[in-house]
Enquirer: 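My questions all concern the structure below.
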Amino acid sequence: MKHCFAILCTTLLVACGQPAPDADFSEYSIADIQDAMQQGELSSEQLVAWYQQRIAAIDAAGPELNSIIELNPDALTIARALDDEWKNSGPRGPMHGIPVVLKANIDTGDQMATTAGSLALADHRASDDAFLVARLRDAGAVILGKANLSEWANFRSSRSSSGWSSIGGQTRNPYDTTRNPCGSSSGSGVAVSANLTAVAVGTETDGSVVCPSGINGVVGIKPTLGLVSRSGIIPIAHSQDTAGPMARTVRDAAILLSAMTGRDPEDADSKASPEDDFAAGLAADGLQGKRIGVITGYYGEGVNPNIDALTEAAIEAIEAQGGTVVRDISVDISGAFAGEGDVLRYEFKHDLNAYLQKAGTAMTSIDDVIAFNTQNADTVMPIFGQERMLQSADKGALSDPAYLDALETSRSTARNALDTAFAEHQLDALIAPTNGPSWKTDHVKGDNYKLSSSSYAAISGYPNVTVPMGFVSGLPIGLSFIGQHWQDKALIEIAYAYEQASEARRAPELSY
């Protein structure tokens, strides 16, 4: 599909409001875009055209980042209509005319497919928008396209290569194209980092927003479970799944999150979702008087002294901004991991079957997908298999005592450990490095994770915001801020203040 992008982009740009030949909107924030539109210096149509040109130049060609799996053929028409609306009645809000890329497991009721990167769903076009997509359209966003991902959100094989799907191929890290973008929201992270879109939406079950954000040098928010509706998203497991914003700045991620949230009757967990403006109240002095705990014992701690040095510098920056840092906080969730694995396998079977049956696809169950993959192994499984799917298919119903015990054990272990740390030390947030340096993409051995702190927030359902912390050998490292249940706004304010003090984001250098 990527080979069609250059032709498609050229065709779409014919007779449209193209940007000036020397225009460069790299690193433009939502505020920058809105200001330029307000001054009449830029239109949404021109911005969409510029991103399409850039996608053709460096995603489909040039370094071939391969982050965009499909472009929205209606994007320019939508942008033009929004420009007319702005002229006639003003903007709807900060997302008016802003291009957004969606992970390819999120339903759109338009001409684009929703595939999770799988050839088994290559022809699946949803009849309706996912709830979060409808919210974005209402806010005036332009759905620019869909991003590549680790196929089935990285729940097909235990030895996969993150960022690879049978439809999209391998997404590449923009800081070093021989290296991996992490996953499963690989394309979303790369597209934002490489300035192929203003902002993007990813999804996470455990690490799939924060890891590709950290490794690609952008901000990612994994919100409290239920803050963003999951209806209309191809699932892994409802106990941990959530969509989340990915952006180049904390403010942009907060603006996008505000537009995505809402109470959806089809998602019971969203009924308590606060309808808030997460970008309101962001201030550079947001660390004043805050108590920040440093997690010890996260997976991969001490694996790289350069990461330790970056973390120490981050601690010093927090203290310099008036925050109090409490070091060496033990948050032991080791007892949750076995249960988490069982929960995900049980729920993947149940939730995927429910999605497929409602969607009306040719695939009606996980068994159908497994059979399709087996019958088309040469194209679907040339690199890795489907052992996670097979394990999930063997699981029973969600009424099984084994499942109920695993769910209770994993969730209570994670929540109790975090709640105890917050209470004992009177903390406002916990921090840990998000990721190690990106590894070389290896289609023989698969992924090579060395460091991760995502499971604390993932298993508990608590919020996690990753912010660029610095670089190791030219490769981005993120710092994760983990908060308490429903304390997303307060956590975002802390992360924003750190971002303003550190200013660690640096765009990748791409030649084409």
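Numbering of residues begins at 1 and proceeds along the displayed sequence.
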Enquirer: Check salt bridge (charged side-chain N to carboxylate O under 4.0 Å, His left out) between R92 and all other residues, then give those that pass, not counting sequence neighbours.
Expert: E85
Enquirer: Between the side chains of S193 and N216, does any donor sit under 3.5 Å from an acceptor?
Expert: no
Enquirer: Check whether any side-chain heavy atom of L144 lies under 4.5 Å from a side-chain heavy atom of N72, and answer yes or no.
Expert: no
Enquirer: What's the shortest heavy-atom distance between I234 and T115, and which atoms?
Expert: CD1-C, 4.2 Å
Enquirer: For residues 70-112, pull every pair meeting ring pair (Phe, Tyr, Trp, His ring centres under 6.0 Å), keeping only residues two or more places apart or in separate chains.
Expert: W86-H96
Enquirer: Do E151 side-chain atoms and S166 backbone N/O form a donor-acceptor pair below 3.5 Å?
Expert: yes
Enquirer: I need the L42 CG to L47 CG distance, nearest 0.5 Å.
Expert: 5.5 Å
Enquirer: Pairing donors with acceptors under 3.5 angstrom, does anything connect the side chains of D35 and Y28?
Expert: no
Enquirer: Answer yes if the ring centres of Y462 and Y456 are under 6.0 angstrom apart, and no otherwise.
Expert: no
Enquirer: Does K146 come within less than 4.0 Å of E70, counting only side-chain N to carboxylate O?
Expert: no
Enquirer: Is any side-chain heavy atom of S460 closer than 4.5 Å to a side-chain heavy atom of H485?
Expert: no
Enquirer: Donor-acceptor check, side chain of D59 to backbone of I68, threshold 3.5 angstrom: yes or no?
Expert: yes
Enquirer: Enter the distance from Q38:CD to I33:CD1 here, rounded to the nearest 0.5 Å.
Expert: 14.0 Å
Enquirer: Hey, does R263 have a side-chain heavy atom less than 4.5 Å from the side chain of E275?
Expert: yes
Enquirer: Answer yes or no: does atom CD of E41 have more than 12 heavy-atom neighbours from other residues, nucleotides or ligands under 6.0 Å?
Expert: yes
Enquirer: Quick one: does any side-chain atom of D264 pair with a main-chain N or O of F131 as donor and acceptor, under 3.5 Å?
Expert: no
Enquirer: So which pairs with a foot in residues 246-282 pass disulfide (SG to SG under 2.5 Å), sequence neighbours left out?
Expert: none
Enquirer: Less than 3.5 Å apart, any donor N or O on the side chain of D74 or T77 sitting next to an acceptor on the other?
Expert: no
Enquirer: At their closest point, which heavy atom of P433 faces which heavy atom of L479, and how far apart are they?
Expert: N-CD1, 4.2 Å
Enquirer: Testing the 3.5 Å rule here: is there a donor-acceptor pair between the side chains of S229 and E266?
Expert: no
Enquirer: Is any side-chain heavy atom of T203 closer than 4.5 Å to one of K222?
Expert: no
Enquirer: Hey, does T361 have a side-chain heavy atom less than 4.5 Å from the side chain of D123?
Expert: no
Enquirer: Can E204 and K103 be counted as an ion pair, charged N to O under 4.0 angstrom?
Expert: no
Enquirer: Calculate, to the nearest 0.5 Å, the distance between atoms CG and CG belonging to N435 and L475 respectively.
Expert: 9.5 Å
Enquirer: For a quick test of reading the model, state the closest non-hydrogen atom pair linking R137 to I78 and the distance between them.
Expert: NH1-CD1, 4.2 Å
Enquirer: Can a side-chain donor-acceptor contact be found between S186 and T171 if the only test is distance below 3.5 angstrom?
Expert: no
Enquirer: Decide yes or no for L256 and L136: does some side-chain heavy atom of the first lie under 4.5 Å from some side-chain heavy atom of the second?
Expert: yes
Enquirer: Of the non-hydrogen atoms in G207 and P212, which two are nearest, and what is the gap between them?
Expert: O-CD, 3.4 Å
Enquirer: Around R506, counting heavy atoms of other residues, nucleotides and ligands shown, do more than 12 lie under 6.0 Å from its CZ?
Expert: no
Enquirer: In the structure I gave you, are the side-chain heavy atoms of S502 and P468 within less than 4.5 Å of one another anywhere?
Expert: no
Enquirer: How far apart are the closest heavy atoms of P94 and Q34, and which atoms are they?
Expert: O-NE2, 3.0 Å
Enquirer: If I compare all heavy atoms of S454 with all of D206, which pair ends up nearest, and what's the gap?
Expert: OG-OD1, 2.6 Å
Enquirer: Does the distance from a Lys or Arg side-chain N to an Asp or Glu carboxylate O, for D269 and R230, drop under 4.0 Å?
Expert: yes
Enquirer: Quick one: do the S184 and S150 side chains pair a donor with an acceptor below 3.5 Å?
Expert: no
Enquirer: Under a plain distance cut-off of 3.5 Å, with no hydrogens placed, do N148 and S67 share a side-chain donor-acceptor pair?
Expert: no
Enquirer: Check E27 with R505, please: is the shortest side-chain N to carboxylate O separation under 4.0 Å?
Expert: yes
Enquirer: If you define the side chain from C-beta out and look only at heavy atoms, does anything of W50 sit under 4.5 Å from D24?
Expert: yes
Enquirer: Tell me whether the count of non-hydrogen atoms from other residues, nucleotides or ligands lying under 6.0 Å of NE2 in H350 goes above 12.
Expert: no
Enquirer: Is it the case that more than 12 heavy atoms not belonging to E509 sit under 6.0 Å from its CD atom?
Expert: no
Enquirer: Ignoring hydrogens and geometry, is there a side-chain-to-backbone donor-acceptor pair from D252 to R248 under 3.5 Å?
Expert: no
Enquirer: Could you give the distance from CZ (F348) to OG1 (T205), rounded to the nearest 0.5 Å?
Expert: 9.5 Å
